[in-house]
Every structure is written in structure tokens, then in C-alpha cells.
Amino acid sequence: MAESKLDLLQGTLDLMVLQTLAAMGSLHGYGIARRIEQVSGNEVLLNQGTIYASLVRLQQRGWISAEWGTSTNNRKAKFYSITKRGRKQLSQDAAYWQRLSEVMGRVLALPEGSEDK
Amino acid sequence: MTDHLRQRLHRLRAMFQRAEQDRDLDKEMFAHLELAIEENLQRGLSPSEAQRQALIHFGGPQQAKEKHREARGLPLVETLVQDFRFALRMLHRSPGFALLAIFCLTLGIGANAAVFSWMEGLLFRPYPMVANQERLVALTGTARGESGPTGLSWPDFLDLQRNSTLCDTFFVSKIMGTTLSIGERAQVVTGSIVSANYFDVLGVHPILGRAFEPGDDVGRSAHPVTVISYQLWKERFGGDPQIIGKTQRMNGVIHTIIGVAPEGFYGTFVGWAMKFWVPASMEDTFEAGGYKLEDRGERWIESYGRLKPGVTLEQAQQEISAVAKRLEADYPTTNRGRSIKAWPLWQTPFNNAGTLLPTLSIMLVVVVFVLLIACANVGNLLLVRSFARRHEITVRVAVGAGRRRLLQQLLIEGLVLSALAATGGLLVARWCTHLLVLLLPVRNGNAMHLPGEMDWRVMALSAVVCLVATLLFALVPAIQTSKIDLAGTLRSEMAGVARGRGKSWARYGLVVVQVSLCFILLVGAGLLLQSLQKIRSDSPGFSTDGVLVTAVNLVASGYDVERAKSFQDQLIDQVQALPGVESAALARVTPLGYGTFSSAPIAVDGYQPPPDEQPSVDYNQVGPGYLATMGIPLLSGREFTRSDNETAAPVAIINEIMAGRYWPGKNPVGERLQAKSKWLQIVGIAKTSKYESMRELPKPFFYVPRRQDFSISAALTIRTRLRPAIMAAALSRELKAMDANLALYEVISLQEQVDRSTSAQKVAVTLTGTLGGLALVLAAIGLYGVMSYTVSQSTRELGLRMALGANTGGLFRLVISRGLVLTIGGIFLGAVLAAGLTRLLGYLLYKVSPYDPFAFGSAFLVLTIVSLIACFLPAWRATRVDPIVALRYE
């Protein structure tokens, strides 16, 4: 089971985090990590800890903002939310991924040996 | 785009908020785990399983932290800072090593920076405040059949200026001197005769008043105006703010001061700081030989051109040659066989750039050698230390330090060393910028002006030297480190010499290289020293002993020709009447002095010169008894007498070489010689002497009576046993009695004059000698270091030998002989290299073969003795090894 999980491509985690925050509003690190695991149907190999590197990177670029707050069960945690510029970036990156995956899909759909004909 | 910039700024800030950000992350991670555990508990896991699952999903907290740091900060810079701190700590821990290494490198880098600053300040950008110096070229005339460059004539200069399209400007700057009396003090000062555009094209603007105006350089004595230097203004005029419009008598002509040049502008002559400038129209007030601005045959000016941007020297030369060719066709009488040559500024033949160039180029090679020796020393020190640190380094490799990281750390340690040394070196160089002046003679109370220049180019080049040096010495131990055999080293620490052999090669090799470089320098210094001795002991063809020279500047005091003639006759009579004076005579110029001889195109009955060549010979205008006073032997005929005057038939005395060349196999006495289209009868033959340089080959030369080719300025030669100072006092008294306005030039012996003419040689000897000594010290330190280390590492072997019956004498000899083998190896290598390199000393060698056995032999002897001394202490220590202790050692 563990072997068949997907390794994350460079940059994909950032996009996932952005999309999650865009969809869910304000969330803490654990919440984001769990959400991604759930959405991916546990297909993604994610060390939850690595999400913090992604969060600090996005924050430094000004795409998300962070604030300490209290969770539903009254625990102190840092809450992240997407900024306006983050949304713009998300729409760009999402469009890019979609195009890329379409192209990849088409390329991979070529039957083997088709070039010989 | 801006997002990335913002990120970079954040990253930079993060570096300085490490602790705070780490704390924040810790809190966040703690909250994360708490949340995860809580959720797991809700899912019904046991407390311990809830915690375990949370940690598994989180991954390694340490790894997460590391990733976080990498993402937020600048990891490359951070490790650099770490390594830098570590390097400082390591140096602090072994201050002896650090000091020695920094000392060696400081000398190496400092010597380089000093020579760079001299080259910059004297050869490449010699004229502070002058715009676009890199495009300046020096201009001289050339004559077919003559070796040296000549001046240009004013009309030729104007034609060149009119016809050149590749240069954006031309200007004239001819050095001359005058006696300036202000208040009580009369002083000889140097100035320049310049074209009117001078200050404008140089981009130098007077701080008071104005520069010359177009047309100031036209007409005979038409514009008696002068711009004075800042220094003169401050020192002699007390910085008078009302100076503009005041007048100053110079060479008998009242000049109006129209401007004061800015501070730091010294004119355009390498070697002397100009104190004042006059326009070319005032030429005949300051130059001997009358009004020359309209005479195409009088080649007296020194001039420069400035190339247009992008024009090469070769292109400009082609155009200039073409112009000269046209002038040759248009004015055959004055310009036959003549051309014009453009020189890069650093080869300028008419100032001290040309004289210092060979010396400075040799210095450049020498300081590179010194730097290499210093690098070898430091490399060796680091190598020895890297053995001492082998355990530390091995452990670092074992716990996973990458090779790249190790290399980076070693290089940074090296960089710290050489950066400290470079700072010291630049201080040394700064301190040396005015050193050259100290090595050169003071003339007439004026010291030369030869400043080094420490501009950003010198700094940058020194920084490059520093980096290259770092790579050279820091990589030696780095290469060794990269070969570390983990298991082997961890298992056993080092044993005897036998096993260390492979690694000793690097150390021994470095010592051999040091010794060989040092040998080359010593041979070079020896050769130059011998040349200097040969030059100084060589006879110039006149007596240097018991003859004094001086001058009285009559031009500066406004004497006209008739007054000068009667004054000079009277002066000679008075001087000859002085007690202790055997004879005295006047001459326009004295040999090997600062003045230049006149030159005349000649013709001889029955001598057919090769086509296109106009034989021209230097000559001197001398008074009666000149040859006797100078001690130049007369081979046949007679000397001039007082009756060889204006009204008598023109006569000449020729030298032996001239007699042999133009009257082969005949006695020329009684024959005639045409000079400057005037026929002279030859009345005597003098022995050939040196005229302009001690190195010159014997050349044709002749003398004419002063009265038959008169010029007001003259040198006075006196044959006497009295010392110069005593003679000067007596002369001053006489002069004061004759005319209180006259100033006496300094009185020096002819020997002093000869010595001054070889001062470039002396500079070269002093500098190579000093640097050779420095190299010797460095090489001795290197040899000592390596031998000490070898002895300390072979304690066991030495102990064993002793236990087996070797006596102390044997051990002493063993160590000494090892040191000697290295030395001899180095000397052998050095001798092979030196044999190929000494020829580069070129014209600085005088009557000394580049393979001179004496120079090679003494270098051999000196190095051997020094290496014996360097090995002595380690050898003595070897004999003190206690076999019991040594064998228990491991």
C-alpha cells in the first residue's frame, strides 16, 4: 500500500495548499494536511511536517497570510488564509496544470509503435 | 516577478530572525501534533497509539524543521556564515600558525600591490585629474639611421594636428626649469611649455583665474602669462586669494599669473611635479637656442595625442606615418628621413616612464615569485595542520559531511587568511607608494615625484591575486583531504615516516619549488648587482675624481648674449684664481647630465652616405681648456683657446670614433667637416668617452668652441681637490660679488653625476636585492617548518635507530642531509629555470653574461648556508630524542 502512494512533484504541494485554502477559507497546518490527504483519497505520500516549508514559502511570496488563533476545540494554532494575489496565482497555476495534464494525457494516449506507420 | 523579489527579501530577513522563527515553528508543530493526537483519540485509538500514529504521519520533526529553514532562508549564505565563523575559531585556536601564515601572505600580497600601484601611478595612469588617460599616446620624431627618438618641431606638430582624423586632440608639454626668486628665497623650479589648449583638453580647470586662451601659443614672446600649481601658490605665495593679475619675473621676463591649477594636478611628466605652465609663445624665454616656433628643423617639443574612442594605436600610427610622409615630401630639406611615432603612455621615451619600465616589469616577475614562495609556505603550513586535523576531518566525513562542504570550508579558511593578509598587504603597499622617490637622487634640492597610485584597479587586481593565492595554497590540503581513507584513518593514527611517505611528497615538493624560485631571484639580484658594479667601476672616458660640475642660470636672470659673454669670461678668470682650483671651463652640456646635446647633420669630403640617410652627429659647445679640465685625453692636435672666437675661422675637435668612421686610414687634423651647412676645420682628435649613458656604445661626437656657436646657458666644470660643499661656498661668495641676483645650481662631483645617471640600475638592484632577501627568509621558514615537522613525526623511527646503535652525530647528519637533498634539488631546478629566465633582464645587464658563474655560484652558496641554518634546529632536536620514550610513543 505504502509503495504505491504518489510522490509529489516539485511545486504541486504549493498548488494543493493554495487550492485547499481557496476552497475552505481559513485553516491551520494540520487541517490543510488532513484535507489534502482526504481529497486525494490517501493516494498522496505526504509527510505532514513538510507542509510547513510550503506554507512559509507561500507566505513569503505574499500569496497567503497567517494569524495565530484558536481552533474549534480551543487549541492555539496558526491559521492560514489565501490572499487576493494568492487567488490570482492559483487561477494561473491551475490553468497551467490543467493544460499540462491534458497534453500529458494526449501524449500518453499514443499507441505504442504508432510512429512506425 | 515582484513576488519573487518579496520572497528574497523575506528570506534575507529570515536569516537574522532564526531563533524567533524556529520558536514560532516549534509552537506550530506542537499544536499540529496535539490536534492530530486529539483526532486519533476521538477515532478511538489508545493514547500511546494515537501519539505514535500522529508522529508517523508527521514524518521526522527535525527534517521538517530543516526543510522549513531551507524554504524560508538563504541556505547557501547561512552555511557560508557558519564556515566563516568556524574558520575564525580555528585561527583563534592556533594563533602561532595564523600569524605566520598571515605574515607570509602579507609580504607576498603587499609586494604585489606595491608594484601594481607603482605601475598604475607611473605607467598606466600617471597623470592625476587628467581625463581619458587610457587613450593618450606620446609622440616623438624618428630619424632614419638614428636609434633614439627625437622631439617634434612646432610646425610639424601643427601640421599633424590639422591633418589627423583619428585623434580628437593633440597637446604639447615640454619640461623646462627656471629660478624663481620670491622674497629671500631663490629656488630652481620645474615647469612646462604647453600648447594653449593644454588645460582644456586635459579637463583640468583652474581653481582661480583662467587657463590659456586659443592664440596664447602664437607669436614670439607675445603672451607672457602663466598658470601656477596649487603647491607653488600655497608654499611660495602663501595661498594669496588675490594672486590673479600679480606678476612674477621668470628668466628676465615679467609674467602675469592668470590662473592657479587645482590641488593634485602635477602636469604631464612622469618623475617631476610641474610648478608652473607657460604658453608655447614664451618658448624662446625658457629654451636655449632662440625662437623655434617657425623653424621646422628645430625638433624640441614633447607632445601627446588622444585617440578617438575605439581607435587603436596601430590605426593612429598609420595615419600619423602618412602625414609624416607628406611632410617629408613637402619639406625635404628639414624632413628627409624623418617620421613620427606614437607610443603608448607607459613607453613614453621622453620622461621617466621609459626609464622605469624595464625595472618595473622585472619587479612584477619578482613579486609574483615572492607571492608563489609565500603561497608554498602557507600551503605547507596548512598541509601540516591538515594532518593534525585529520581526525576532526575524518569524523566530519564519517557523520556525513559532503566533500563539497569540506572543500568549501577549507577554502573559506584560506580565504579568511588571505583576506586578512590582503588588508595588511594593502597597508604595506600604501606605505610603499612613495618608496621609489627615496631610491632616486635629489636634484637641485628638488625630490622627484614618483607616486604610486592605489585606485580601485590596483585594489581589484590585488583582490584577484588574493583569490588566486587562496586557491593555490588552500587547495593543497583540500586535495589531500579528498583522498582520506575513512576506515584506515579512524582505525589508526599516524605512525612513522615510512607510512607517511606518500603524503610527504607534497610537502617536499613545495619546499623544492620554494628553493628554486628563491634561487632564481638570488641569481637575478646577483647579476644586477654585478652590472651595477661594472657600470660604476667602468671608466666613462673622463675623470670622475676631482672634477666638480655646476651651473649659473643667466637665462633666468635675464642676461642677453653680450652681457653673458663678458660675464662668463670674468667668471672663468675668477674661478681659476680661487685657491685649490687647477682649471675651470664652460660647456653647454656636461656628459651624463640632465641636458641634451645638440645634434647636427654633417657632410665630409669624400664620404658618400647611404641614400635616404642624413648622417647627423651629436656635439657640444665647449670653452677653452674643457678637455683638460674634464680629463678627456687629446690624441692629436690642439684644444680650443680664447682666440677661437666669433671672428676666427670655425674649428672643431672630433672624437676617435668619428675620425675612424669618416676619415678611415687618414689623419683628419687639418681636414674639414660640414656641420649645419657650415664648414669647420678639424684641429684636434679627442679620446671617445661616454656622452649620454654609461651603456651607450662608442659613438661619433665632436666639439666646437662656445664662442662660435653661442648659447647663454652653460655648465661650469672645475678641476679641484676641494670637496663640493667647500667649492659651493667659495663660488657663492664670488657670484654674490659679481651679481647679487644670480643663483648657483648645486655643486656636485662628476662621480655623483655618473651615479645619478645609473640610478634606475640602483633602483633595480635595491628592489631585487630586498625582495630576494625576503624570498630567502620565506624559503628558510618553509624549509625549517618542513624539517621540524618531519622530525617531530618520525620520533619513533629516530628512537628505533638510536636503540639500534645510531649515535647522535649520525642522526644529526641524517636530518641535515635530508634538508640538503631538498635544497640541492631546488637549486638544480632553479638553475635550469634561471638559465632560461635571466636573459629577460635584458638591457639592465651590463658587461655581465646572463649565465655568469659568479652570480650562480654565490646564489648556490647563500642558499646552501641558509638551508643549513634552517635545518640546524630540527636536526639538533632529532638528537635529543629519547629512545625509550620514542618507542613507547605508540
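Letters A, B, ... mirror the listed sequences (proteins, then strands); counts begin at 1. Keep in mind that the numbers below use all heavy atoms, side chains included, and drop hydrogens, waters and symmetry copies.
In this structure, A:N47 and B:I56 approach most closely via the heavy-atom pair OD1-O, 4.5 Å. The minimum heavy-atom distance between A:E37 and B:H57, with the atom names listed, is OE2-CD2, 4.0 Å.
Looking at residues two or more places apart in sequence or on another chain, you find a side-chain contact (heavy atoms from CB on, under 4.5 Å) between B:E38 and A:N73, A:R75, B:Q42.
Per-residue heavy-atom pair counts under 4.5 Å with chain B were compared for A:W68, A:W63, A:Y52, and the maximum is reached by A:Y52. Across B:A36, B:A31, B:P61, the residue that shares the most heavy-atom pairs under 4.5 angstrom with chain A is B:A36. Interface check for chain A: of the options B:D24, B:L33, B:L25, the most heavy-atom pairs under 4.5 Å are formed by B:D24.
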Side-chain atoms of residues 20-29 of chain A: list all donor-acceptor pairs with protein atoms under 3.5 Å, sequence neighbours left out, distances to 0.1 Å.
residue: A:T20; atom: OG1; partner: A:M16; partner atom: O; Å: 2.6
residue: A:H28; atom: ND1; partner: A:G31; partner atom: N; Å: 3.0

Side-chain donor-acceptor pairs under 3.5 Å in residues 414-425 of chain B, sequence neighbours left out?
residue: B:S418; atom: OG; partner: B:G414; partner atom: O; Å: 3.2
residue: B:S418; atom: OG; partner: B:L415; partner atom: O; Å: 3.4
residue: B:S418; atom: OG; partner: B:T470; partner atom: OG1; Å: 2.6
residue: B:T423; atom: OG1; partner: B:A419; partner atom: O; Å: 2.8

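With no hydrogens or angles considered, a side-chain donor-acceptor pair links A:Y30 and B:E39 at under 3.5 Å.
No part of B:K65 comes within reach of chain A, as not one of its non-hydrogen atoms sits under 4.5 angstrom from that chain.
Just one residue in the list B:E28, B:K67, B:H68 forms a side-chain contact (heavy atoms from CB on, under 4.5 Å) with A:V56, and that residue is B:H68.
Taking a 6.0 Å sphere around CD of B:Q51, one finds it holds 12 or fewer heavy atoms contributed by other residues, nucleotides or ligands. For B:F97, the CZ atom counts as densely surrounded, since its 6.0 Å shell holds more than 12 non-hydrogen atoms of other residues, nucleotides or ligands. Residue A:Q92 places its CD atom among more than 12 non-hydrogen atoms of other residues, nucleotides or ligands, all under 6.0 Å distant. Counting heavy atoms of neighbouring residues, nucleotides and ligands inside a 6.0 Å radius, atom CZ of B:R457 exceeds 12 of them. Crowding of B:F86 atom CZ: a count of heavy atoms from other residues, nucleotides or ligands under 6.0 Å exceeding 12.
Rounding to the nearest 0.5 Å places CZ of A:R34 at 9.5 Å from NE2 of B:H32. Between the CZ atom in B:R72 and the CD atom in A:Q60 there is a gap of 8.5 Å [rounded to 0.5 Å].
Listed by sequence position, A:R85, A:Q89 are the residues of residues 82-91 of chain A in contact with chain B, using a 4.5 angstrom heavy-atom cutoff.
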